[in-house]
Amino acid sequence: MSQSLQLFTTYSRSRNPTVPTHSDLNPTHTRRFPVTLFPKLALKASLSSSSSSSSSDLDPSSSPVLVSGNGAGGVLSAATQAYAPPVLVSSDSSSIEVDSVKEAELKENGFRSTRRTKLVCTIGPTTCGFEQLEALAVGGMNVARINMCHGTRQWHRSVIERVRRLNEEKGFAVAIMMDTEGSEIHMGDLGGAPSAKAEDGEIWTFSVRTFDSNQPERTINVNYDGFAEDVKVGDELLVDGGMVRFEVIEKIGPDVKCKCTDPGLLLPRANLTFWRDGSVVRERNAMLPTISSKDWLDIDFGIAEGVDFIAISFVKSAEVITHLKSYIAARSRDSDIAVIAKIESIDSLKNLEEIILASDGAMVARGDLGAQIPLEQVPSVQQKIVQLCRQLNKPVIVASQLLESMIEYPTPTRAEVADVSEAVRQRADALMLSGESAMGQYPMKALAVLRSVSVRIEKWWREEKRHDPMELPDIGSSYSDNISEEICNSAAKMANNLGVDALFVYTKTGHMASLLSRSRPDCPIFAFTSTTSVRRRLNLQWGLIPFRLSFSDDMESNLNKTFSLLKARNLIKSGDLVIAVSDMLQSIQVMYVP
Ligand SMILES: Nc1ncnc2c1ncn2[C@@H]1O[C@H](COP(=O)(O)OP(=O)(O)OP(=O)(O)O)[C@@H](O)[C@H]1O
Ligand SMILES: CC(=O)C(=O)O
Ligand SMILES: [K+]
Ligand SMILES: [Mg+2]
């Protein structure tokens, strides 16, 4: 076996004076980097003129090969590379200019300051139209989430179709995440009303009876037949994780009379938990399946629609994730739907490591989590989950109430901004909007707040060099996996030490890209992959700018092609220092853009 670390040091022009210079990086001096991890260290100075090979790599007649973007994407036809600054996508006879936002950002601020933290938006009544979806995509939405608790499958299908059309026509790579309902106890849909206000001291009836059109006043339907049997007089009933609270005062057959003790807004299908003697009552929930029969139908729907992620609510154990993954694999051989475990119950915390290991990512679902554990424990649990996910190389989303007040108001509270900053500082892969984007009055403003806070905090922490280095354990099961990990860890470290402008990774499955992301390097990671589904999936991971690119096993030609395409688009320039790694050739290459 020949596992070599190859350092191709191509020197083409004098070093940018703002970054450290290395006088021995030149055509006549090759330098052995202090890397001793590999059996054979082949150090090769590649002196060929990179620009000379570009013409043969770029066949003007070929179809679009390069699609860039970090939620704001674009398609660059090889034919346009030399001349055409406006990047065009031809989906029909007319051409549409795309990616103006991302490109403008990359060009104005340099790609060093692009946002690393990814943004997930829950789509609901206020954002389901094509124009609103486009505005969200332009505003930085990387993943659109649809919550199967709400709306019909037809409604969800139309959202998926619109997102797909947006991607095709405008060159975005917005991924779709389907979130299951789960079989927890929740309220009915309030007889069609958007919300209802419960005032202090009011008596409300929670009933397992279903009501057709005429729902009696102050009556709420509960979806679970055993509800009236399970609760006891004196129990505390929490709606939506404690946003509204009631005390159970009387049981009459299927009806449970409750007095409101903390007033608030009741929203359709809000979750219900009941507490007795200071802790949540969960015996019954423990017996309910994590994936209900309705969830299985929704999952079939998600597979048929080709969603990118399925997020499973109220995961209790790793088995359910493993089972779902094999179910998906059996149903859709070619698809690579990633399974995200939502951490929102006591059981999920008990089995945290196994669950995360079995999943393709996790969500800190603070809404329901805060209804199951004391609220003051939520911040430390969040930090723990975020750290563990990074160590195990799984993307992690911090969700719920990040900008809750923006459902009603155009400006966030200072406390909300601090909460968002903290999640960015913890270097979660992604932040999620829920009600703010699903049914709030200011979805675009809320997204803009996430975007600006992310960019600001990321930059501040980079400048301050305040990031704690994290111990990254070996996670691969084979020697070859371990080599990939060492290559990525070393490449990220070299990138920081040398102050390079970008890391490039050529990856078929996205694995090497995720390993680079795990190191949270100072520079952005340009991830080149040949399939659109992998590109969309990488859109959830910290610091990756995913591009679709047809590439070969010949790294030199890949690099030349990439340099030409990116330079034509003014995304990189001669003299930029780049470190490249790839799946195909286990190597680290350091070079200046010719
Ligand atoms: N497809 C939809 N149709 C109508 N309203 C929606 C839709 N999706 C979300 N909402 C509204 O936005 C609110 C917040 O959305 P979110 O997805 O966070 O849901 P949730 O019901 O709080 O539950 P969870 O996230 O725990 O599943 C919901 O309570 C609901 O009022
Ligand atoms: C997102 C979600 O499910 C929660 O916070 O409960
Ligand atoms: K859900
Ligand atoms: Mg939840």
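Counting starts at 1 for both ligands and their atoms, in listed order.
- An N or O contact shorter than 3.5 Å is missing between Asp179 and ligand 2 by distance.
- Numbered from 1 in the order shown, with element, the atoms of ligand 2 that lie under 4.0 Å from a heavy atom of Ser400 read 1 (C), 2 (C), 4 (C), 5 (O).
- Each of Val315, Val364, Val381, Leu352 was scored for a side chain to side chain contact (heavy atoms under 4.5 Å, CB included) with Ile343, with one residue passing: Leu352.
- The pair Arg425-Glu422 meets the salt-bridge criterion, with a side-chain N (NZ, NE, NH1 or NH2) lying under 4.0 Å from an Asp/Glu carboxylate O.
- Those atoms of ligand 2 with a heavy atom of Gly367 less than 4.0 angstrom away are 4 (C), 5 (O), 6 (O).
- There is no side-chain donor-acceptor pair under 3.5 Å between Asp368 and Ser345.
- We find that Asp298 and Lys294 are joined by a salt bridge, their nearest charged nitrogen and carboxylate oxygen being less than 4.0 Å apart.
- Within Glu344, the N, O or S atom at minimum distance from the Mg ion (ligand 4) carries the name OE1.
- Ranking the protein heavy atoms by distance from atom 2 (C) of ligand 2 puts Ala365 CB, 3.4 Å first.
- One finds the SG atom of Cys121 at 8.5 Å from the CE atom of Met444 (value rounded to the nearest 0.5 Å).
- Residue contacts with ligand 2: Glu344 is placed with a nitrogen or oxygen under 3.5 Å of a nitrogen or oxygen of the ligand (distance criterion only).
- Of the charged side-chain nitrogens involved, none lies within less than 4.0 Å of a carboxylate oxygen, so that Arg269 and Asp189 do not count as a salt-bridged pair.
- Near Arg366, with a cut-off below 4.0 Å to any heavy atom, the atoms of ligand 2 are 5 (O).
- For Ser313 atom OG and Thr180 atom O, the angle they make at the K ion (ligand 3) is roughly 50°, to 10 degrees.
- For Asp368, the N/O/S atom at the shortest distance from the Mg ion (ligand 4) is named OD2.
- Looking at Asp347 and Lys316, no side-chain N of the basic residue comes within less than 4.0 Å of a carboxylate O on the acidic one, giving no salt bridge.
- In summary, Lys394 and Asp360 do not engage in a salt bridge, as defined by a charged side-chain N under 4.0 Å from a carboxylate O.
- Set against the non-hydrogen atoms of Lys342, the atoms of ligand 2 under 4.0 Å away are 2 (C), 3 (O).
- Between the OD1 atom of Asn147 and the OD1 atom of Asp179, the angle centred on the K ion (ligand 3) amounts to 100° when rounded to 10°.
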